[in-house]
Amino acid sequence: MKRFIAAQLRKPSGWFGLLVMSPLLNRANRTLVEKTLTVLGIEPDHMVLEIGFGGGLAIAQASKRMTTGVICGVDFSADMVRQSRRRFRREISQGRVRVQIGDVSQLEFPAASFDRAFTINTIYFWPDVMRGFSEISRVLKDGGRIAVSLRPKNKMQKFAVTQHNFQLYHPTDVAALMTRAGFRDVRVHHEPSDKFYDDVVVEGTK
Ligand SMILES: C[S@@+](CC[C@H](N)C(=O)[O-])C[C@H]1O[C@@H](n2cnc3c(N)ncnc32)[C@H](O)[C@@H]1O
């Protein structure tokens, strides 16, 4: 069962992914989504990329902050992409939202396409973290900003599911990796709490 839940967190799919994981993720990650979007400083005309949107809450919340801008979501779960195409049918037809299948290791966008890029609770599953950062850097414009949001290792390791194919990180590890990838002004936003898990956002600038 733990392996199954871990696999669903990595790549939600089938009826369980659609009916259980997707609403659960949207509920559990609401404060982290809001914190991420605030740190990113999205402006109404920005081109914004989200990698690994899952249930799509951050796409919905980001699009509320934008007028002429576009939020593009990529996720490597075909079922999450199909679900978001239905959910955002209206915004997609208005050209305000785009969703497509894609992997952080190979983003199907030209260089310098985005003003902002973010990813929430996905870094644990990236097969090659430096490759992921290099791809995000490639598609960001100079001066563009990145936010990588996660739950810290000290909290996550208490959950048995994270023993199955999760790579857990201390916030400072992520900051060091982002600096190594060439991002500047890297900052960790983290107020440790006594809750089950803390919200962490690590931001950087290309
Ligand atoms: C734990 S869920 C998080 C969903 C959402 N960001 C949230 O915080 O509620 C991880 C999501 O990232 C996607 N994902 C994982 N690895 C990915 C990769 N290498 N490239 C693109 N999407 C990925 C999964 O399909 C899933 O939808």
Side-chain angles (χ1 to χ4, degrees), residues 2-40 48-63 71-88 97-109 114 116-139 146-153 155-156 159 161-169 174 177 196-202:
K2 284 176 199 143
R3 266 179 212 283
F4 174 75
I5 301 288
Q8 284 286 331
L9 284 165
R10 176 179 172 272
K11 190 179 200 177
S13 55
W15 71 266
F16 192 89
L18 293 166
L19 300 178
V20 181
M21 288 314 293
S22 174
L24 196 82
L25 289 165
N26 283 347
R27 210 169 33 245
N29 296 321
R30 182 165 284 275
T31 60
L32 188 54
V33 164
E34 288 307 329
K35 191 165 176 172
T36 305
L37 299 178
T38 300
V39 164
L40 261 187
V48 181
L49 172 66
E50 180 181 14
I51 298 145
F53 52 78
L57 176 66
I59 293 181
Q61 298 306 92
S63 78
I71 165 88
C72 298
V74 301
D75 197 296
F76 75 174
S77 164
D79 285 335
M80 292 299 101
V81 171
R82 262 195 296 276
Q83 185 186 53
S84 281
R85 286 218 170 106
R86 279 197 299 274
R87 174 173 177 185
F88 298 114
V97 169
R98 290 181 211 155
V99 285
Q100 62 191 62
I101 199 144
D103 194 304
V104 69
S105 302
Q106 194 172 355
L107 295 169
E108 307 282 334
F109 299 101
F114 296 99
R116 300 286 187 266
F118 67 97
T119 189
I120 304 175
N121 286 318
T122 74
I123 192 171
Y124 331 111
F125 312 111
W126 295 5
D128 180 342
V129 172
M130 293 312 286
R131 165 97 200 202
F133 284 142
S134 150
E135 270 298 87
I136 296 173
S137 176
R138 181 183 66 76
V139 301
I146 175 177
V148 178
S149 301
L150 68 150
R151 312 290 187 190
K153 182 173 184 171
K155 295 285 173 84
M156 288 290 270
F159 298 96
V161 290
T162 65
Q163 286 156 17
H164 302 283
N165 297 317
F166 275 66
Q167 176 66 53
L168 301 179
Y169 296 91
V174 175
L177 289 164
F196 269 153
Y197 37 65
D198 298 346
D199 293 340
V200 176
V201 182
V202 188

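In each ligand, atom 1 is the first atom listed, and ligand 1 is the first ligand listed.
Under a 4.0 Å heavy-atom criterion, Pro12 is in contact with ligand 1.
Scanning the protein heavy atoms around atom 24 (C) of ligand 1, the nearest turns out to be Arg10 O, 2.9 Å. Nearest protein neighbour of atom 7 (C) of ligand 1, counting heavy atoms only, is Asn29 ND2, 3.4 Å. Given atom 19 (N) of ligand 1, the protein heavy atom at minimum distance is Asp103 OD1, 3.3 Å. Scanning the protein heavy atoms around atom 20 (N) of ligand 1, the nearest turns out to be Val104 N, 3.1 Å. Scanning the protein heavy atoms around atom 21 (C) of ligand 1, the nearest turns out to be Gly102 O, 3.3 Å. Distance from atom 18 (C) of ligand 1 to its nearest protein heavy atom, with residue and atom name: Phe76 CD1, 3.7 Å. In this structure, atom 25 (O) of ligand 1 lies nearest to the protein heavy atom Asp75 OD1, 2.6 Å. The protein heavy-atom contact nearest to atom 4 (C) of ligand 1 is Gly52 O, 3.6 Å.
Remark: ligand 1 atoms within the under-4.0 Å shell around heavy atoms of Gly54 are 4 (C), 27 (O). When each atom of ligand 1 is checked for a heavy atom of Ser77 under 4.0 Å away, the hits are 25 (O).
Gln61 CD to Glu34 CD: the interatomic distance, rounded to the nearest 0.5 Å, is 4.5 Å. The CG atom of Leu18 sits 7.0 Å away from atom CZ of Arg86, with the distance rounded to the nearest 0.5 Å. The distance from atom CD1 of Ile101 to atom CZ of Phe76, rounded to the nearest 0.5 Å, is 9.5 Å. Note: Asn165 CG to Gln167 CD = 10.5 Å, rounded to the nearest 0.5 Å.
In plain terms, the two heavy atoms of Arg85 and Gln100 that are nearest each other are NH2-CA, 3.8 Å. Taking both residues in full, the closest heavy atoms of Ala58 and Leu37 are given as O-CD1, 4.2 Å, listed atom of the first, atom of the second, then distance.
Backbone and side-chain nitrogen or oxygen atoms of Ile120 are examined, and one is located within less than 3.5 angstrom of a nitrogen or oxygen of ligand 1. Where the criterion is an N or O separation shorter than 3.5 Å, residue side chain and backbone included, Leu9 fails it with respect to ligand 1. Checking only distances, Lys11 never comes within under 3.5 Å of ligand 1, N or O to N or O.
Of the candidates Leu32, Ile120, Leu40, Val148, Leu32 is the only one forming a side-chain contact (heavy atoms from CB on, under 4.5 Å) with Val201. The residue from Gln8, Met21, Met80 that alone fulfils the side-chain contact (heavy atoms from CB on, under 4.5 Å) condition with Ser13 is Gln8.
For the side-chain hydrogen bond (donor to acceptor under 3.5 Å, both in side chains) condition, the pairs that include at least one residue of residues 21-33, sequence neighbours left out, are Ser22-Gln83, Asn29-Asn121, Asn29-Arg151, Thr31-Asp199.
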Item to check | Derivation of the ring-ring contact (aromatic ring centres under 6.0 Å, His included) call for Phe159 and Phe166 | outcome: CA-CA 11 Å; Phe159 298 96; Phe166 275 66; 9.7 Å; no
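Under 4.0 Å from ligand 1, the heavy atoms of Thr122 that appear belong solely to its side chain.
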